[in-house]
Amino acid sequence: MGKVRNEVIREESHPLMTPIFDSLRYRFFFVMGLVLLIAVMLLALIARQWVIPALLAEEEKYATAELDRAVRVINGELNHLSLLNKEWAIWDDSYDFVQGDSDNYLESNIADDLVFEDADLSLMVFLKADGAPHWIAGIHPQNERYTSCEGLTADCAWATPVLESLQQRIAGGLDDETRTWLQARPQQAMASAWSIAKSNGDGPIAGWLLMMRPMNDKWFAKLEDRAGLVLSIEPSDSNATAQPRQTIERKDSQNMTATRRMTAEPEGAILALNAELPRHSFRTGIDDFRLILYWTVGLLVVVVVLLLLERMILSPLRRLATFTQRVQREDDIDPPRSLLQRRDEIGVLARKFQQLLDHQRSQTSSLIELSQRDPLTGLANRRLFDKRLEEAVSAANLSDQPLALLMVDIDNFKAYNDHYGHPAGDECLKTIADAMRKHFSRPQQLVARTGGEEFMVILPDIPFETSVQQAEALRLAIETLALPHAASTVSSVVTISVGIALHTPAHPYDIEELTRAVDGALYTAKQAGRNRISLGDAHVLS
C-alpha cells in the first residue's frame with residue numbers, strides 16, 4: 001500500500017501532463033459549472049438590483065405602520081390615564097385636601113397601596129397652587145415599598161425627577177399637548193397632570209395633581225393581549241441627534257425588531273420603543289424567489305445531466321459505489337489495490353477517498369482537543385472545565401485531599417470594552433489568559449474561560465493557605481501588568497476579583513455546591529469594592 005500511495009503522489013504532482021478536456025470529470029464539471037454559473041449570476045443580479053430592495057422597502061413600510069399603531073396604542077393609554085387623572089383633579093375632596101380642609105382624605109383614598117394596584121399607578125403627587133409639593137405617595141421603583149410623605153421628604157426623594165418635570169411643565173403652562181408625557185426616570189412610565197379645581201368650576205385652582213403609571217412587563221403583557229403587539233421600552237443609548245428616529249434590526253429571516261426613539265422627561269431623555277415583528281412579507285417574497293431559483297437551476301441541471309449522465313457518470317459511479325458501500329459497513333477498510341492503481345477518474349476518486357480517510361483518522365484526536373478549547377484565549381472551555389472539575393472532585397473524595405476552586409472576574413470589563421473597543425478587549429482577555437496560564441502551570445491544574453470575562457481555576461491537592469496565597473499572587477500579577485483601564489471604577493489599570501471555595505475532607509462539597517460557593521465568594525469580592533480576593537465563607541481579604 002505504501003508503494004501505491006507513493007505512485008499516487010508522483011502521478012498527482014503533475015496534473016498538467018494530462019489535457020483537461022481529456023478528463024471526463026473536467027468536461028462534465030466545465031459544462032455544468034459554466035451553465036450554472038451564468039444562471040446563478042443572472043439570478044443574483046436580479047435579486048440584488050430589484051427583488052431584495054423591493055422586499056426591504058415593503059418591510060420598512062410595514063414596520064412604520066406597526067410602530068405608528070404602537071404609538072397610537074400608547075397615546076390611547078395616556079389618554080386613559082389623563083381621564084382618570086382629571087376625575088381625581090376635579091373631585092371636590094381633592095380640592096379640599098390640597099387646601100388642608102379634608103382630614104380623612106388620606107385614610108379614605110391613599111392610605112395604602114391598594115388604590116395604586118387597582119388603578120395600575122406607581123405615583124401620585126399633589127402640588128399646592130404655588131407649585132410646592134403638598135403630598136407625595138407611591139411605590140418605590142427599586143424596593144417596591146409604598147411611601148407616603150407630606151412634601152418632598154427623604155422617603156419620597158425618589159420622586160424628585162418626576163416632581164421637577166411636573167413643575168417645569170406647570171411653569172410653561174399645561175395644555176392638551178403638555179399635560180401627558182413619558183417619564184424615563186426614576187422608572188419608565190406614563191405621566192399625566194391636571195389642575196385641581198372644584199367640580200362646578202367655581203373659584204381659582206387649588207393646585208395640581210400628577211399620576212404616573214409604570215410601563216413595566218405586566219403593563220406590556222396587557223398591551224400585547226389587547227393590541228397584539230409585542231412591545232418593550234428601554235432607555236436609548238444615545239441622544240436623538242446621533243441616531244435616526246426609526247431603525248430596524250433584522251435578527252434573522254423570521255423576526256425583526258423595529259425601534260422608534262421618543263422624547264421623554266427629564267429633559268434630554270430618550271426612550272426607545274421596540275416592536276418585535278415577524279418578517280412575513282419578506283420571507284414570503286424570498287421563498288417565492290427561491291422557488292423560481294430552484295426551478296430554474298433544477299431545469300438547467302436536468303437538461304445538462306440528461307445529456308451527459310449516461311456517458312460520463314453512471315457507469316463509473318456504479319463501479320465506485322461497491323467500494324464506498326463497503327467503507328460504510330467496515331470502518332477500518334482501505335480501498336482495494338485495483339482501484340488505487342487506476343489512472344482514470346475512478347482511480348483519482350479512490351485515492352482522494354483514501355487520503356480523506358487517513359486525514360480523518362489523523363485529525364480525530366486534534367478535533368477532540370479543539371472542541372475543548374476556547375478559540376480566543378486557547379484556555380480550556382466550559383465543556384472541558386465541567387469534565388475536569390467532576391474528575392477533580394471525585395479524585396479529591398477518593399484520596400481525602402483538599403481541592404481549591406477559583407473564580408476570576410476582570411473588574412469593569414464591560415466598561416473596558418465600551419471605552420477601548422472590542423478588539424482591545426479581546427487582546428486584554430488574551431493577555432490575562434497568558435498570565436493565568438503561566439501562573440497555574442503545574443500538572444493537574446486547569447485554567448478555563450467559562451464566560452465573557454470570567455475564568456475558573458481548578459487547583460487539586462492544595463491546602464487552604466496556599467490557595468489564598470496563589471490567588472493573591474495572581475491578583476498582584478495582573479495588577480502588575482499595568483494594562484491601562486481609564487474607565488475602571490477601581491483602579492487606573494486592569495484588575496481582577498477572585499472568589500475562592502475549598503473542598504476538604506472535613507467540609508466536602510458536591511459540584512453544584514462548590515460552584516455556588518465560589519460564585520458567592522466572587523460576588524462578595526465585587527460587593528466589597530473589587531480588586532480583591534474573597535473566601536467561600538464571605539470573609540474578604542484586601
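What you are looking at is a predicted structure, and each value in this text was computed from that prediction instead of being measured.
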### Message
Given 3.5 Å as the limit, does a donor-acceptor pair link the side chain of Thr431 with the main chain of Glu427, or not?
### Response
yes
#### Entry: CZ-CG distance between Arg69 and Leu231, expressed to the nearest 0.5 angstrom
8.5 Å
### Message
Could you check whether any side-chain N or O of Gln445 sits under 3.5 Å from a backbone N or O of Arg442, counting only pairs where one atom can act as donor and the other as acceptor?
### Response
yes
### Message
Which residues pass the ring-ring contact (aromatic ring centres under 6.0 Å, His included) test with Phe116, not counting sequence neighbours?
### Response
Tyr146
### Query
Got a sec, which pairs hit ring-ring contact (aromatic ring centres under 6.0 Å, His included) with one end in residues 430-464, sequence neighbours left out?
none
### Query
Is the side chain of Gln168 donor-acceptor paired with the backbone N or O of Ser165 at a distance under 3.5 Å, no angle test?
no
### Query
When rounded to the nearest 0.5 angstrom, what is the spacing between CE in Met211 and OG in Ser122?
11.5 Å
### Message
Taking Ile462's backbone N and O only, do any of them form a donor-acceptor pair with Thr466's side chain (distance below 3.5 Å, no angle check)?
### Response
no
### Message
List the residues meeting salt bridge (Lys or Arg N to Asp or Glu O under 4.0 Å) with Glu164, not counting sequence neighbours, and say none if there are none.
### Response
none
## Note on the structure
In short, Val518 meets Met407 closest at the heavy-atom pair CG2-N, 3.4 Å
### Task
Answer whether the closest heavy-atom distance between the side chains of Leu389 and Thr515 falls below 4.5 Å.
yes
### Query
Within a reach of under 6.0 Å around CD of Gln254, are more than 12 heavy atoms found that belong to other residues, nucleotides or ligands?
yes
### Query
Less than 4.5 Å apart, any side-chain heavy atom of Ile496 and any of Val498?
yes
### Task
Decide yes or no for Leu429 and Ile410: does some side-chain heavy atom of the first lie under 4.5 Å from some side-chain heavy atom of the second?
yes
### Heavy atoms from other residues, nucleotides or ligands near CD of Glu390 exceed 12 (cutoff 6.0 Å)
no
### Message
Let me confirm one number: the CD-CD distance from Gln188 to Glu234, rounded to the nearest 0.5 Å.
### Response
8.0 Å
### Task
Taking Asn381 for its side chain and Leu384 for its backbone only, find out whether a donor-acceptor pair lies under 3.5 Å.
yes
### Task
Answer yes or no: does atom CD of Glu513 have more than 12 heavy-atom neighbours from other residues, nucleotides or ligands under 6.0 Å?
yes
### Summary
Value for CH2 (Trp219) from CZ (Arg213), rounded to nearest 0.5 Å, stands at 9.0 Å
### Message
For Asp118, I'd like to know if atom CG has over 12 heavy atoms of other residues, nucleotides or ligands within 6.0 Å.
### Response
yes
### Query
Under the ring-ring contact (aromatic ring centres under 6.0 Å, His included) rule, what pairs show up with a residue in residues 468-495, not counting sequence neighbours?
Tyr416-His485
### Query
Looking only at atom types and distance, does a side-chain atom of His503 sit under 3.5 Å from a main-chain N or O of Pro402, one as donor and one as acceptor?
no
### Message
For a 4.5 angstrom cut-off between non-hydrogen side-chain atoms, does Ile74 reach Leu273?
### Response
yes
### Donor-acceptor contact present, side-chain Thr495 to main-chain Asn531, <3.5 Å
no
### Query
Side chains of Leu223 and Val73: closer than 4.5 Å at any heavy-atom pair?
yes
#### Entry: Whether over 12 other heavy atoms sit under 6.0 Å from Tyr420 OH
yes
### Task
Could you pull out the closest heavy-atom pair between Trp158 and Gly138, with the gap in Å?
CZ2-C, 3.9 Å
### Summary
Tightest non-hydrogen contact, residues Ala157 and Thr160, listed as O-OG1, 2.6 Å
### Task
To the nearest 0.5 angstrom, please state how far the CG atom of Leu78 sits from the CG atom of Leu182.
5.5 Å
### Test: Lys251 and Glu276 ion pair at under 4.0 Å
yes
### Query
Quick one: CG on Leu152 to CH2 on Trp135, what's the gap to the nearest 0.5 Å?
13.0 Å
#### Entry: Any side-chain heavy-atom pair of Pro186 and Val162 under 4.5 Å
yes
### Query
Between Arg250 and Glu60, is the closest basic N to carboxylate O distance under 4.0 Å?
yes
### Expected output: side-chain Tyr62 to main-chain Leu277 donor-acceptor under 3.5 Å
no
### Query
Of all residues at least two apart in sequence or in a different chain, which pass the side-chain contact (heavy atoms from CB on, under 4.5 Å) check with Ser232?
Asn274
### Message
Assess whether a salt bridge exists between Arg279 and Glu59, defined as any Lys/Arg side-chain N lying under 4.0 Å from an Asp/Glu carboxylate O.
### Response
yes
### Message
Between Arg449 and Gly451 (side chain of the first, backbone of the second, donor and acceptor by atom type, cut-off under 3.5 Å), is there such a pair?
### Response
yes
### Task
Give a yes-or-no answer on whether the side chains of Gln246 and Thr64 include a donor-acceptor pair shorter than 3.5 Å.
yes
### Query
Would you call Asp434 and Lys430 a salt bridge, using N to O less than 4.0 angstrom?
no
### Query
Would you find a donor on one side and an acceptor on the other, under 3.5 Å apart, between the side chain of Arg261 and the backbone of Ala272?
no
### Task
Apply side-chain contact (heavy atoms from CB on, under 4.5 Å) to the pair Leu481 and Val494, showing each step before the final yes or no.
CA-CA 8 Å; Leu481 291 174; Val494 172; over 6 Å; no
### Query
Looking at Asp155 and Cys149, what are the two nearest heavy atoms and their distance?
CB-SG, 3.7 Å
### Message
For Ser497 and Asp411, which I'm curious about, is there any donor-acceptor pair between the side chains at under 3.5 Å?
### Response
yes
### Task
Apply the test side-chain contact (heavy atoms from CB on, under 4.5 Å) to residues Arg388 and Arg383: give CA-CA distance (whole Å), side-chain angles for both, the deciding distance (0.1 Å), then the verdict.
CA-CA 9 Å; Arg388 291 285 295 275; Arg383 178 181 179 184; over 6 Å; no
### Task
State which residue, out of Leu403, Ile458, Leu398, Leu405, fulfils the side-chain contact (heavy atoms from CB on, under 4.5 Å) condition with Val393.
Leu403
### Task
Only counting residues at least two apart or in another chain, list the ones meeting ring-ring contact (aromatic ring centres under 6.0 Å, His included) with Trp181.
none
### Message
One pair to check against salt bridge (charged side-chain N to carboxylate O under 4.0 Å, His left out): Arg260 and Asp68. What are the steps and the verdict?
### Response
CA-CA 9 Å; Arg260 179 169 296 175; Asp68 288 341; 2.7 Å; yes
### Message
Name the residue from Arg532, Lys526, Arg530 that meets the side-chain contact (heavy atoms from CB on, under 4.5 Å) definition with Val490.
### Response
Arg530
### Message
Quick one, Cys428 with Leu483, criterion side-chain contact (heavy atoms from CB on, under 4.5 Å). Give me CA distance, side-chain angles, the key distance, then yes/no.
### Response
CA-CA 8 Å; Cys428 176; Leu483 300 176; 4.3 Å; yes
### Message
With no hydrogens and no angle check, just 3.5 Å: does a side-chain donor-acceptor pair link Asn412 and Thr489?
### Response
yes
### Message
Using every non-hydrogen atom in the two residues, find where Ala189 and Pro214 come nearest and quote the distance to one decimal.
### Response
CB-CA, 3.7 Å
### Task
Evaluate side-chain contact (heavy atoms from CB on, under 4.5 Å) for Leu474 paired with Val408, printing each intermediate quantity in order.
CA-CA 10 Å; Leu474 174 64; Val408 181; 4.1 Å; yes
### Message
Between Asp374 and Thr377, do the side chains contain a donor N or O and an acceptor N or O under 3.5 Å apart?
### Response
yes
### Task
Considering non-hydrogen atoms only, spot the tightest contact between Ala137 and Ile110 and give its length.
CB-CD1, 4.3 Å
